[in-house]
Number of protein chains: 2
Amino acid sequence: MSTTDLDPEDAITKEEISGTAPAPSENAGVGNSKPQRNAFTELMAPKPKAAAPPKQDSSKPRSFRDRDGLGAYTANPTNYPSNRVIYHNDDFVAINDLYPKSTVHTLLLPRSDRSRLHPVEALEDPQFLASVQAETLKLKKLVAKELQRRYGKFSEADKQREAVLNGEAEWDSPELPNGRDWEAEVLVGIHAHPSMNDLHVHVLSRDMISECMRHRKHFNSFNSPFLVDVADFPLAKHDPRRHPGREGYLDRDLLCWRCGENFGNRFKRLKEHLDIEFEAWKKQ
Amino acid sequence: MSTTDLDPEDAITKEEISGTAPAPSENAGVGNSKPQRNAFTELMAPKPKAAAPPKQDSSKPRSFRDRDGLGAYTANPTNYPSNRVIYHNDDFVAINDLYPKSTVHTLLLPRSDRSRLHPVEALEDPQFLASVQAETLKLKKLVAKELQRRYGKFSEADKQREAVLNGEAEWDSPELPNGRDWEAEVLVGIHAHPSMNDLHVHVLSRDMISECMRHRKHFNSFNSPFLVDVADFPLAKHDPRRHPGREGYLDRDLLCWRCGENFGNRFKRLKEHLDIEFEAWKKQ
DNA sequence: TATTCCGATAGTGAC
DNA sequence: GTCACTATCGGAATGAG
């Protein structure tokens, strides 16, 4: 499976079965291999792991259960198949969310002692913040690429690009036509009050199409100020997002992310509506 | 089936299967036959049925659906089997509640034009009130008798009486021993805000054991001032029970009718507790 | 508070 | 706001030619 095969469980969806999608190269063992080194990974200079003592008593290994489940990925990224761990390096592990709330939903997990802090505190460190921001951008581009791979064939804006890709149109330049700005369709951020104890940056498509999208709070956690962009850190002293409960972000009326229609608390009707918006969105 | 077989659907409960219960005489066709005549039924002198004309325009028979469902019983009591209509006369129909909230749960339905009024207004007529009170007492005694029939064999207070009944003890008097005061175990009243439009007096055992007892409001409607005894009518001008919603009777914490334990809103736990209380109650 | 169906809401427990 | 399970709470329909 290729590095961009972010959600292989979707590999046999209708689109891919139809054969019009470019088949991802079978890249065996990518889950256990080191990621390619590039300008981005080079930025993050590897540091000695032992230099950072775990806050926890090392005689009692962490349990990685329930709210600590994400710790297992940063502790042992090679334990996971490539459809779970997208890539990892000394400082980060990128995974596909086990309970995706959109068709593409990844998490960036910093491998840092600061990951056990609340995100607001963790990202007060300028150097750490910069590294997280940079790696997040990298993952964001990867997710955008995956969106193009999955949905480009439906996209009006990608029409010319797709035609060139499929050898159905002439194109003189060595670069493909730019096509749709898929990065604009990617949400990036950290939950104002995470339920999982290890720092994780959500990087996901904005469609909100998933069987795991089940409650109002799921939806509002990605479609309200509850999702704090990494670019917004460090958070100002009196930023209201420091008190997400007080602000009631998660209990707000359900508003379609695309057309703004208000569904009140009728989650199921929102879901039905999102299915329709999804089809239109792909065709943009 | 006998006249006191108020709930034949219970005919094959554990107790009766065990054979310790006096088997009700197999009275074929009782559903369409008149009940046995006894001192009680004799009290209610039969009057010409035509004397009680249906209030409604007979050209448009009313729906008898939903909130008007009880009207069918007073309009045509003979249309029902004897396990539904317990007895009827010109002025009243007594039925087994279709959705009993206790092991014995009957309704007294006055066959009067006033039955379409709100109970508070309907029972402002002294003569009508007196007749309802008298007939209610009659039904209450019938229900008490049924309780004795069903549960006397478990009752400590009924022990001597049961022994005589079963020929297991000597008893010189022609009258049986009095035994337990089963009338004290019977609730009688009218809901402060009925959902069914036809006047109906609830006459039921206090056990609250029934699969139809399904939520807090069911329970509180029989275990709070929401149940207004017919003896309390006519209601004083400022009686708080004229405004049951304002008083919040139905939304109160769940309190066991027998021991007073507070179950808050935990209805299921109350139900489990009531099962235990039921066993102890029978043995009193 | 008639029932019934569906769905939204709330608390818990997770080793 | 992790999930999954259970239970509680809440609104709307309820028929028929």
Side-chain angles (χ1 to χ4, degrees), chain A residues 60-71 97-101 107 118-119 189-198 200 202 211-212 214-228 241 243-245 247-254 263-272, chain B residues 62-72 97-101 107 118-119 189-198 200 202 211-222 224-228 241 243-245 247-252 254 263-272:
Chain A
K60 282 191 174 182
R62 286 176 54 196
S63 72
F64 300 141
R65 280 196 213 100
D66 303 333
R67 293 182 152 80
D68 291 323
L70 295 178
D97 196 304
L98 190 54
Y99 301 95
K101 305 304 189 296
L107 298 179
H118 187 284
I190 294 171
H191 280 159
H193 180 74
S195 283
M196 298 298 271
N197 291 329
D198 293 279
H200 52 290
H202 293 273
E211 293 189 358
C212 297
R214 288 205 244 241
H215 318 297
R216 183 207 298 241
K217 291 183 182 190
H218 284 155
F219 183 83
N220 281 343
S221 74
F222 295 108
N223 295 275
S224 79
F226 193 88
L227 186 71
V228 185
R241 294 171 291 184
H243 306 285
E247 297 297 323
Y249 299 130
L250 299 178
D251 299 322
R252 288 181 174 179
D253 282 1
L254 295 161
F263 289 83
N265 64 351
R266 291 164 316 217
F267 184 82
K268 190 171 186 178
R269 291 196 196 177
L270 169 68
K271 289 272 287 181
E272 292 160 1
Chain B
R62 81 167 183 241
S63 69
F64 294 143
R65 266 182 259 113
D66 306 332
R67 296 185 148 77
D68 290 325
L70 294 178
D97 195 304
L98 191 53
Y99 301 96
K101 305 306 188 293
L107 300 178
H118 186 284
I190 295 172
H191 280 159
H193 180 74
S195 282
M196 299 297 272
N197 291 329
D198 293 279
H200 52 290
H202 293 273
E211 294 190 357
C212 298
M213 172 63 75
R214 286 206 245 236
H215 48 250
R216 184 208 299 239
K217 291 183 181 189
H218 283 154
F219 182 83
N220 281 343
S221 75
F222 294 108
S224 79
F226 193 87
L227 186 72
V228 185
R241 294 171 293 183
H243 307 283
E247 297 296 322
Y249 299 130
L250 299 178
D251 298 322
R252 288 181 174 180
L254 295 161
F263 288 84
N265 65 350
R266 291 164 317 221
F267 185 81
K268 190 171 187 179
R269 292 196 196 177
L270 169 68
K271 288 272 286 183
E272 291 160 2

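Residue numbering restarts at 1 for every chain, and letters A, B, ... go by the order of the sequence lines.
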Quiz item: With rounding to whole Å, what would you report as the distance between dT4(C) and dG17(D) at their P atoms?
Solution: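 Nearest-Å result for dT4(C) against dG17(D) at atom P: 23 Å.
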
Quiz item: Just by protein heavy atoms under 4.0 Å, how would nucleotides 3-15 of chain C read 5' to 3' in B, S and -?
Solution: SS--SSS----BS

Exercise: identify the closest heavy-atom pair between [X] and [Y]:
X: Leu70(A); Y: Met196(A); result: CD1-CB, 3.8 Å
X: His200(A); Y: Pro194(A); result: CE1-CB, 3.9 Å
X: Phe222(B); Y: Lys101(B); result: CE1-CG, 3.5 Å

[X] [atom1] - [N] [atom2] separation (whole Å):
X: Phe64(A); N: dT2(D); atom1: CZ; atom2: C1'; answer: 16 Å
X: Met213(B); N: dA7(D); atom1: CE; atom2: P; answer: 18 Å
X: Asp97(A); N: dC3(D); atom1: CG; atom2: P; answer: 8 Å
X: Leu250(B); N: dT8(D); atom1: CG; atom2: C1'; answer: 16 Å

Quiz item: NA contact type, His191(B), heavy-atom cut-off 4.0 Å: base, sugar-phosphate, or nothing?
Solution: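 Sugar-phosphate, no base atom in range.
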
Quiz item: Relative to each other, are the rings of Tyr249(B) and Phe226(B) parallel, tilted or perpendicular (30° and 60° limits)?
Solution: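 Judged by the thresholds at 30° and 60°, the geometry between Tyr249(B) and Phe226(B) is perpendicular.
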
Exercise. Could you let me know what dC15(C) is paired to, Watson-Crick or G-U wobble, both distances under 3.5 Å, or none if it's on its own?
Key: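 Answer to the pairing question: none, since dC15(C) forms no Watson-Crick or G-U pair.
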
Quiz item: Counting distance only, does the side-chain N/O of His191(B) pair as donor-acceptor with the main-chain N or O of Ser221(B) below 3.5 Å?
Solution: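 Indeed, once roles are kept as given, a pair shorter than 3.5 Å links the two residues.
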
Quiz prompt | N/O donor-acceptor pair under 3.5 Å between Arg216(B) side chain and Phe267(B) backbone | solution =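 Absent.
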
